[in-house]
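To start, the structure under review is shown below, and the notes come after it.
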Amino acid sequence: MAGREQGANLIGVIAETARGAVFQPHGHVAGPARRFLAGYHESAGLVGMGVQMLPVLLEGQWPFPGTGGLGQEKRCLVGQGDGSGNDSIYDSILRHHPPLVREVDEIVVSFIPASMFQRCSIGEALNIGRLAACFDLASWFVDTLPGQTSSGFYELTKLDVKALSLGVWVNVLVTWLYGMDVLSARALQKMRLAICGIVMENLALLKLGPSAPACSSTAVLPKKCLVEAYMGLYPGMMGRVARMLAFCPEEHILKTAGCPERVCRDVLSRSLDFFQSKQAV
């Protein structure tokens with residue numbers, strides 16, 4: 001794994017030009033956003049496993065269909081020639097980013113809506129940035145895994161398995177940060193609770209989606225209500241997910257001397273097997 005690294009803080013807008021959509025710097029990074037990016041760069045540099053993440057804050061219109069509506073935008077990952085149709089935007093980011101100081105296997109841009117920092121306190125921003133980097137890295141690696149269904153205690157679709165895999169992979173990365181003394185034991189525990197909650201949200205969205213009955217008079221189903229509805233269908237699921245994330249002991253996860261990615265895949269295989277077993281009850 002790489003060492004600590006500080007990256008450039010990019011903020012701007014996506015503009016249409018004769019050459020296609022491009023990134024144009026605009027605005028200033030300060031307050032919670034600066035703290036968030038400091039945590040993001042730190043984590044991505046330490047546990048990137050050959051992938052260089054470039055976080056970019058976007059103001060104005062969110063140009064990535066399928067990644068959340070207005071006010072609910074999600075981070076969007078773009079790689080070189082990844083088939084997303086965002087090559088011109090990707091290339092323009094690299095033109096504005098300072099040269100990288102180390103050799104990497106792959107460069108991935110993470111677009112982050114600047115509006116998210118309206119809901120982020122400066123005290124929490126550093127660890128939120130650290131966790132966001134771990135989620136982005138885990139997403140990139142999990143997307144490369146062959147899709148597979150899973151039978152056992154539950155019948156899991158390929159997307160269910162992917163949602164669980166993401167949680168396991170993120171848990172491995174934050175455990176590495178803890179082993180490097182980047183995170184305190186309390187911060188690690190808070191992150192694990194957050195990971196469990198996000199996995200539950202993803203599973204609930206896959207199962208219920210927009211067809212779920214709202215728990216209030218609003219048209220949009222709040223995430224909390226969505227998860228509660230899902231837990232009504234699958235009682236005990238949250239406890240099973242939490243036990244899956246805690247299944248592999250920290251001393252095993254921290255053995256990264258050989259191949260860190262192999263450690264991730266091994267922990268993932270063991271954890272998914274445990275999830276589908278009667279032991280997890």
Side-chain angles (χ1 to χ4, degrees), residues 7-41 43-44 51-97 107-122 124-125 128-140 142-143 159 162-163 166 170 194 197-198 201-202 204-206 209-210 218-224 226:
N9 290 341
L10 295 182
I11 183 171
V13 297
I14 300 299
E16 290 292 338
T17 71
R19 304 188 309 274
V22 298
F23 171 78
Q24 294 181 347
H26 176 271
H28 176 67
V29 179
R34 180 178 289 275
R35 292 276 289 169
F36 172 95
L37 289 176
Y40 192 108
H41 287 303
S43 290
V51 175
Q52 172 73 51
M53 302 299 300
L54 303 183
V56 177
L57 306 187
L58 284 189
E59 297 183 319
Q61 184 177 0
W62 189 248
F64 307 111
T67 56
L70 183 64
Q72 297 181 318
E73 301 93 340
K74 301 177 182 178
R75 292 190 307 278
C76 178
L77 304 182
V78 176
Q80 185 177 35
D82 63 2
S84 66
N86 294 307
D87 291 355
S88 62
I89 299 176
Y90 178 91
D91 292 341
S92 66
I93 291 292
L94 296 190
R95 286 196 296 271
H96 288 288
H97 196 279
I107 300 173
V108 179
V109 178
S110 175
F111 291 103
I112 303 165
S115 59
M116 72 166 284
F117 300 104
Q118 297 170 3
R119 308 181 297 274
C120 178
S121 74
I122 195 165
E124 297 175 335
I128 291 175
R130 288 166 171 160
L131 184 58
C134 290
F135 262 101
D136 285 351
L137 282 163
S139 295
W140 196 253
V142 168
D143 278 348
L159 292 177
K162 182 178 176 180
L166 177 63
V170 176
I198 291 170
E201 287 177 6
N202 290 340
L205 282 167
L206 289 171
T218 59
V220 178
L221 184 67
K223 288 182 179 179
K224 180 180 178 181
L226 188 69

Paired with M53, the side-chain contact (heavy atoms from CB on, under 4.5 Å) test is passed by just one of L77, V109, I107, namely L77
So, using side chain to side chain contact (heavy atoms under 4.5 Å, CB included) as the criterion, who are the partners of [X] when residues are at least two apart?
X: R19; result: T17, V22, R95
X: L166; result: F135, A138, S139, V170, N202
X: A21; result: I14, E16, S88, I89

To the nearest 0.5 Å, tell me how far [X] [atom1] sits from [Y] [atom2].
X: L137; Y: S110; atom1: CG; atom2: OG; result: 9.0 Å
X: W62; Y: I112; atom1: CH2; atom2: CD1; result: 8.0 Å
X: F23; Y: D91; atom1: CZ; atom2: CG; result: 14.0 Å
X: K162; Y: D143; atom1: NZ; atom2: CG; result: 3.5 Å

Can you list the residues that meet the ring pair (Phe, Tyr, Trp, His ring centres under 6.0 Å) rule with F111, with sequence neighbours excluded? F64
Listed by chain and number, what are the ring pair (Phe, Tyr, Trp, His ring centres under 6.0 Å) partners of Y90, not counting sequence neighbours? none
Ignoring hydrogens, what is the shortest heavy-atom contact between [X] and [Y]? Give both atom names and the distance.
X: R75; Y: A132; answer: NH2-O, 3.5 Å
X: I11; Y: E59; answer: CD1-OE2, 3.8 Å
X: L206; Y: A163; answer: CD1-CB, 4.2 Å
X: R35; Y: A125; answer: CB-CB, 3.7 Å

Check: [Y] and [X] side chains under 4.5 Å, non-hydrogen atoms:
X: L54; Y: L94; answer: yes
X: N9; Y: H41; answer: yes
X: L10; Y: I93; answer: yes
X: P55; Y: D136; answer: no

For H96, check side-chain hydrogen bond (donor to acceptor under 3.5 Å, both in side chains) against everything at least two apart and list the hits. none
Hey, does the side chain of R34 reach the backbone of V29 with a donor-acceptor pair shorter than 3.5 angstrom? yes
